[in-house]
**Q** 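Handing you a structure now.
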Amino acid sequence: MTLFDQPGEMVVNEWAQVSQSSGKPGGGKFRRDADHMEKWSMVWVLVAICMWVWFLFLLLFEYKAGGGIKCKAPLFRDAEGYGACNSGMRQWPALLGVLALAVIPTVLAATTTLYSRLLYRMAGLENQNADSSPGSSL
């Protein structure tokens, strides 16, 4: 078989050889990549959770401004009630910036989780193709 006959079949055969040489049940390139991506997705989920907790803390909880003045949370105070409670991280532009920063790891967590699930599914198909003989049907 040459390189230009059936390239898809060559790729599947190479991955099947990697799977057989690894000795792990369900091993192979897809499985290793899926494990790697799943670990990264867990990291991104933890980062996203921390960012959302930080955003909610800034938005919902009371705080003390300079001089010991107790200030309401930004979500519950009036627009004209800033005065001494003019803290930098408790203003709406800063809160929207934190929200935008929280969305980035959330999207990355969802994307890497989806990709790892796809790789696990492809690893299962790889095992089915490696186990089936050429004359049998799936």
Side-chain angles (χ1 to χ4, degrees):
M1 181 166 95
T2 64
L3 180 63
F4 299 105
D5 286 341
Q6 294 176 346
E9 188 172 320
M10 283 183 65
V11 171
V12 170
N13 288 337
E14 288 174 9
W15 281 331
Q17 290 171 358
V18 169
S19 175
Q20 292 169 357
S21 66
S22 68
K24 291 193 297 186
K29 183 172 179 11
F30 285 129
R31 183 68 147 183
R32 284 192 312 268
D33 289 347
D35 289 338
H36 184 73
M37 289 305 292
E38 186 175 38
K39 290 174 187 171
W40 274 108
S41 70
M42 287 182 208
V43 169
W44 283 117
V45 166
L46 290 174
V47 170
I49 288 171
C50 290
M51 294 289 291
W52 280 102
V53 167
W54 181 38
F55 172 71
L56 291 174
F57 175 76
L58 291 174
L59 184 68
L60 298 175
F61 289 99
E62 295 178 348
Y63 63 100
K64 290 188 178 183
I69 301 170
K70 191 172 182 180
C71 301
K72 289 185 179 180
L75 188 62
F76 304 119
R77 76 171 164 224
D78 297 332
E80 67 252 4
Y82 283 105
C85 295
N86 199 3
S87 175
M89 286 302 292
R90 304 292 178 132
Q91 294 177 0
W92 282 106
L95 288 172
L96 291 177
V98 172
L99 176 64
L101 289 175
V103 168
I104 294 170
T106 303
V107 170
L108 286 171
T111 304
T112 54
T113 302
L114 179 69
Y115 185 59
S116 70
R117 294 293 148 208
L118 174 71
L119 288 174
Y120 276 125
R121 183 168 288 201
M122 290 174 70
L125 291 175
E126 175 189 6
N127 290 338
Q128 285 179 354
N129 288 338
D131 292 341
S132 65
S133 63
S136 67
S137 63
L138 294 176

**Q** Give me each pair satisfying salt bridge (Lys or Arg N to Asp or Glu O under 4.0 Å) with a member in residues 49-61, each pair once, sequence neighbours excluded.
**A**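 Qualifying pairs, neighbours excluded: none.
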**Q** Write down the atom of Lys70, the atom of Glu62, and the distance for their closest heavy-atom approach.
**A**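 It is CE-OE1, 2.8 Å.
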**Q** Linking I/L/V/M/F/W/Y whenever any side-chain heavy atoms sit under 4.5 Å apart, do Leu46 and Ile104 land together?
**A** no
**Q** Run the ring pair (Phe, Tyr, Trp, His ring centres under 6.0 Å) test against Tyr63 and tell me which residues pass, sequence neighbours left out.
**A**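 Here no residue qualifies.
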**Q** Indicate yes or no: at least one non-hydrogen side-chain atom of Leu58 is less than 4.5 angstrom from one of Arg90.
**A** yes
**Q** If hydrophobic clusters are built by linking Ile, Leu, Val, Met, Phe, Trp and Tyr wherever their side-chain heavy atoms come under 4.5 Å apart, do Val53 and Val103 end up in the same one?
**A**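 Each belongs to a different hydrophobic cluster.
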**Q** Evaluate the side chain to side chain contact (heavy atoms under 4.5 Å, CB included) criterion for residues Arg121 and Phe30: first the C-alpha distance (whole Å), next the side-chain angles of each, then the deciding distance (0.1 Å), finally the verdict.
**A** CA-CA 9 Å; Arg121 183 168 288 201; Phe30 285 129; over 6 Å; no
**Q** Using every non-hydrogen atom in the two residues, find where Phe55 and Leu99 come nearest and quote the distance to one decimal.
**A**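 In terms of heavy atoms, the two residues are closest at CE1-CB, 3.8 Å.
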**Q** Going from CG on Leu114 to OG on Ser41, what distance comes out if it is rounded to the nearest 0.5 angstrom?
**A**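 The OG atom of Ser41 is 10.5 Å from CG of Leu114, to the nearest 0.5 Å.
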**Q** Group every Ile, Leu, Val, Met, Phe, Trp and Tyr by side-chain heavy-atom contacts under 4.5 Å, then state whether Val107 and Met42 land in the same group.
**A**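 Per the 4.5 Å side-chain linkage, Val107 and Met42 are not co-clustered.
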**Q** Check the pair Lys64, Ile69 against side chain to side chain contact (heavy atoms under 4.5 Å, CB included), reporting the backbone distance first and the verdict last.
**A** CA-CA 5 Å; Lys64 290 188 178 183; Ile69 301 170; over 6 Å; no
**Q** Any pair with a residue in residues 98-118 that passes side chain to side chain donor-acceptor pair (under 3.5 Å), sequence neighbours left out, goes on the list, sorted by first then second residue, please.
**A**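 Counting only pairs at least two positions apart or across chains, the side chain to side chain donor-acceptor pair (under 3.5 Å) contacts touching residues 98-118 are Glu38-Arg117, Trp52-Thr106.
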**Q** To the nearest 0.5 Å, tell me how far Leu119 CG sits from Lys29 NZ.
**A**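 Output value for this atom pair is 8.5 Å.
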**Q** Hey, could you give me the CG/CZ distance between Leu75 and Phe61, rounded to the nearest 0.5 Å?
**A** 12.0 Å
**Q** Do the side chains of Val45 and Leu101 join up, straight or via other hydrophobic residues, at under 4.5 Å, putting them in one cluster?
**A** no
**Q** So, are Lys39 and Asp35 salt-bridged, with charged N and O less than 4.0 Å apart?
**A** no
**Q** Taking all heavy atoms of Leu95 and all of Met89, pick out the closest pair and write down the distance.
**A**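 For Leu95 versus Met89, the nearest heavy atoms are CD2-O, 3.7 Å.
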**Q** Rounded to the nearest 0.5 Å, how far apart are CE of Met51 and CH2 of Trp54?
**A** 5.5 Å
**Q** Is there a side chain to side chain contact (heavy atoms under 4.5 Å, CB included) between Leu59 and Trp92? Walk through the geometry before answering.
**A** CA-CA 9 Å; Leu59 184 68; Trp92 282 106; 3.4 Å; yes
